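Have a look at the structure below, then the notes.
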Amino acid sequence: MTEDIFSTETTYFADVILPVPIPRMFTYRVPRHFAADIKIGARVIVQFGRNRVVTAVVGKIHTKPPEKYQAKYILELLDIDPLITPAQLWLFEWIAEYYMCCIGEVMNVAVPSGLKVSSQSRMQLNPDFDHPELLEEKEVEFIEILKTHTSLTYDDAIKFVGEKNINPMIKSLIGKHAIIMYEEVKEKYKPKIAKKIRLKRGYEGSEEVFNLIDSLTKSPKQQSIILEYLKHIPVNELAEKNTHGVDKTLFTQGETSDSALSTLLDKGILEQFEVIVSRFGDDVPDEPLKILLTDAQQAASDEVLQKFTEKDIVLLHGITGSGKTEIYIDLIQKVLEGGSQVLYLLPEIALTTQIVVRLKRVFGDKMGVYHSKFSDNERVEVWRGIVEGRYQFVVGVRSAIFLPMDNLGLVIIDEEHETSYKQFDPAPRYHARDVGIMLGLKQGAKILLGSATPSIESYYQAQTGRYGLVTLNKRYGEAQLPDIVLVDLKAERKAKTMKNDFSSVLYNRIQQNLANKEQTIIFQNRRGYSPYLNCQECNWVSECQQCAVSLTYHMHSTELRCHYCGHKEEIPKACPVCGSGKLRTIGFGTEKLEEDLKAMFDTARVIRMDLDTTRTKNAYQNIITEFEQGGTDILVGTQMISKGLDFDQVSLVGIFDADRMIHFPDFRASERAFQMLTQVSGRAGRRAKKGLVLIQTNDTQQSLLQKVVINDYQGYYTHEISERDSYFYPPFTRIISVTLKHEEQEKAEKAAHWLAEKLLEKLGKARVLGPEKSLIERIRNKYLFDIILKLEKDKLNIKAAKSFLREMIDALHQEKEHKEVDVVVDVDAV
DNA sequence: AGCACGCCGACT
DNA sequence: GTCGGCGTGCTC
């Protein structure tokens, strides 16, 4: 933008995206002094509302002044080079439109909060204040407190005053000009600092150092520090290498004395300095790992490449243990050599140290890792690493699709069937697989979906020729697929051979396995000890006060917990209704199986892996490592254990409650059951030895189980796809679920009926299901009603249908009696 | 989503 | 009389 002093200077306006769930942009005025520098995608700081200062992203720059209001000025421009690339901005808009949410919500999950600026109101004494006589007693006290501090935040002030509502007093003080409020704006990202030690100038020559050592013969501790230092910095290169120094921890963690070190620092022989370091000790591996593909793998890899010449998207259907990772690595290397970027998505629980270490050995410091357990600062470093071109390849979880890669050549979505790729709690309710495909296509990249149990949707695309299909039916090396056997629980119960919840078949096998020093995995997709507590006298059941579910009995933490709202309560000693002490647990979860196993096999080392034992950052990794190294005989876990973990020594897998998975009331139940059973079974027998999988069931004739037993993906798919076709489910339709929530059941229900009615009028009966009570009809004291829309992909303009839905929701909120009902829209709900 | 403004109950 | 409850409406 050139300036011409003879013409009237143009005033620029920027429409910015704010991190709030309001479905529009806000127009701010661009101050002249950075009008030349502002660009789309740059972060700016703006005031929003009376006291809020927020980070926004420029979405549009124009010269049209708003007509109905006075635009505020942008306060600050944070980036000369835009932080958000045009490619990302496009993607954010696409997500907001497709998933029917606000772009601000997308921005919120996409941009690590370390790149946002936080503002906090601070108050300080007005130095010019000279009317203390105006103050009331309380105010004087507060001013006295304030005098001892440079400034206070609101929260600080509340603590000091000891009252919750200090608002009136603060207002009064501002009115009397006794204090000043201001906004403190700061970047949250903090570089990691390492403290280092080096020789002070003048000691760098080898001669000087020898003299120094000589002079320290009377202070052996100090002398040894200098000698230790020289071990790390060779004397002959002292002059050059001394600048880098060594980590201070070298001296503080060893047996060297702290006081000797500080003496040397005090004497000015050593000096301490600080450097900014990466949070990921970006160590280049000693010997890069060379991946050798088996013939089958090489053939599959070549076939993928060949298919890519015709199709942008290829589905790699490779059975469990077929070694898909090596194929990915081979392809990634090829793409990186071609100069393009690669994004490799994995479900959160599959992104383990074992895979990261392995990839790191191949790709070294070209590779960035993006994990949800990373701190904000770590996320910012990955983000920057990509922008600065250090990372050409990123392996990451769901949210890695938001990283600023703009030259993608390949997007890999491993375990593409995983439903955890779909985010549902806060908006945006996006599916990372589908967004990953969009992202890749937009950048002209190829997309590789991988799974041993592809989703019905993806397999259908492959069957109908939209995706290329590559099949890998052979396990890696000598490994064979395990034998899968159904265990008849009915028969065992009749014969009274059950031990707790274990069939005698499973029990005996575990015992045998323990004797052979082989490992066992027990799968039960339910955490806690038992799903509820029941009174034998009056039949009372532990229930959550806020949700329509029973409270799960957790023995380890000795409490009853609601798995929906997180409510916890103490375990009653007696029935709260009739006072009877005869309380029993009904059903079982991982905790109970763990306990039973420990009781039945007292020498066995049993470990449990579920949400409850993996809450902390490293717990999950620790359990895996422990099991991997043979420190554990039996691993009991929920679906967590089914995801891409490779353990060599597992020869037995026991599966509980398969029936519950199959009969879950949801059209995806059989898909999920097949996937889960196949995936868990796949954990058995990774080496030459053939594994065994025992599935306990009440119905050994169940057709889905039969297909799992013979590993018949095709048969399962053929059956499932015809069901989907007959009942108008995906992939033939798109599902949009609309949930209405309110504290009062009647209000939620009425609003749901009102909305369903409107939708029905236009979309017709076949496309609108419900309203119906949600599966869990009350959560956190709100009653839930669902309306399900089934929209055909071919006959219907889905975009138009979505905007119609939006209009009707807005119309609902225009109605007085329905306006306080919350409406949640989930596009492609899983 | 925040956050302020505004209109009605239980307390100095 | 006021403090303080949360309904409602706006934010460039």
Side-chain angles (χ1 to χ4, degrees), chain A residues 11-31 35 38 40 42-77 96 99-111 113 116-123 136-139 153-155 157-158 161-172 174-175 181 183 185 423 425-429 741-744 747 751 780-782 809-810 812-825:
Chain A
T11 304
Y12 288 95
F13 294 89
D15 294 350
V16 304
I17 302 160
L18 289 166
V20 289
I22 304 169
R24 65 197 132 103
M25 297 214 255
F26 287 79
T27 307
Y28 284 83
R29 196 168 160 166
V30 180
I38 195 164
I40 288 175
R43 291 172 306 157
V44 290
I45 296 178
V46 295
Q47 188 177 48
F48 183 59
R50 240 175 203 285
N51 296 313
R52 270 211 294 174
V53 176
V54 295
T55 310
V57 171
V58 177
K60 211 174 149 193
I61 298 168
H62 57 90
T63 56
K64 195 171 161 286
E67 285 163 19
K68 296 193 179 105
Y69 54 87
Q70 186 70 39
K72 284 182 183 164
Y73 274 104
I74 289 173
L75 300 177
E76 251 178 278
L77 175 65
Y99 291 103
M100 298 183 68
C101 66
C102 304
I103 190 153
E105 292 171 313
V106 181
M107 199 65 72
N108 256 344
V109 293
V111 180
S113 52
K116 291 174 202 154
V117 177
S118 67
S119 100
Q120 194 154 35
S121 299
R122 298 193 77 94
M123 57 192 83
E136 288 168 32
E137 199 180 318
K138 267 168 91 181
E139 295 174 346
T153 66
Y154 227 81
D155 288 348
I158 287 170
V161 178
E163 278 176 45
K164 332 137 227 146
N165 195 355
I166 54 168
N167 229 342
M169 177 172 73
I170 300 297
K171 269 191 188 155
S172 149
I174 295 170
M181 298 294 295
E183 295 295 320
V185 174
Q423 163 154 322
D425 199 15
R429 297 177 173 78
K741 310 184 186 183
H742 197 271
E743 280 93 347
E744 293 167 48
K747 282 197 178 170
R780 290 175 200 275
N781 274 332
K782 288 196 171 177
I809 292 169
D810 291 343
L812 177 85
H813 284 145
Q814 296 298 307
E815 299 282 311
K816 252 200 243 75
E817 51 184 326
H818 301 135
K819 77 165 77 176
E820 56 207 33
V821 175
D822 291 338
V823 181
V824 174
V825 180

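Nothing here was measured: the structure is a model prediction, and the numbers come from that model. Letters go in sequence order (proteins before strands), and every chain restarts at 1.
Distances shorter than 4.0 Å separate none of the side-chain N or O atoms of A/Arg50 from OP1 or OP2 on B/dG2. The side chain of A/Tyr28 contributes an N or O atom lying less than 4.0 Å from OP1 or OP2 of C/dC12.
One interatomic measurement links the two molecules: CZ of A/Arg24 to P of B/dA1, which rounds to 14 Å at whole-angstrom precision. Here the C1' atom of nucleotide B/dG2 and the CD atom of A/Gln47 are 14 Å apart, to the nearest Å. The distance from atom NE2 of A/His813 to atom C1' of C/dG9 is 14 Å, rounded to the nearest whole Å. What separates CZ of A/Arg52 from P of B/dC3 is a distance of 6 Å, to the nearest Å. C/dC12 atom C1' lies 14 Å from atom CD1 of A/Ile17, rounded to whole Å. What separates CD1 of A/Ile45 from P of C/dC12 is a distance of 16 Å, to the nearest Å. We find that CD of A/Glu817 is positioned 18 Å from P of C/dG7, with the value rounded to whole Å. Rounding to whole angstrom units, NZ of residue A/Lys72 and P of C/dC12 are separated by 3 Å.
In this structure, A/Tyr28 has its ring center at least 6.0 angstrom away from the ring center of A/Tyr73.
Using a 4.5 Å heavy-atom threshold, the side chains of A/Pro19 and A/Met107 count as separate. Looking only at side-chain heavy atoms (C-beta outward), A/Arg429 and A/Val824 come within less than 4.5 Å of each other.
Of the candidates B/dA1, C/dT8, C/dC12, C/dC12 carries the atom nearest the A/Tyr69 side chain, counting heavy atoms from C-beta on. Which of C/dG9, C/dT11, B/dA1 sits closest to the side chain of A/Lys819 comes down to C/dG9. Nearest nucleotide to the side chain of A/Glu820, out of C/dT8, C/dC12, B/dA1: C/dT8.
Contacts of A/Ile22 with the nucleic acid, taken as non-hydrogen atoms under 4.0 Å apart, include base atoms. Among the heavy atoms of the strands lying under 4.0 Å from A/Pro21 is at least one base atom, whether or not backbone atoms are also near. Within the nucleic acid shown, A/Arg29 has no heavy atom closer than 4.0 Å to any nucleic acid atom.
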Intermediate values then yes/no, salt bridge (Lys or Arg N to Asp or Glu O under 4.0 Å), A/Glu817 and A/Lys747: CA-CA 8 Å; A/Glu817 51 184 326; A/Lys747 282 197 178 170; over 6 Å; no
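Donor-acceptor pairing under 3.5 Å is recorded for the side chains of A/Asp15 and A/His62.
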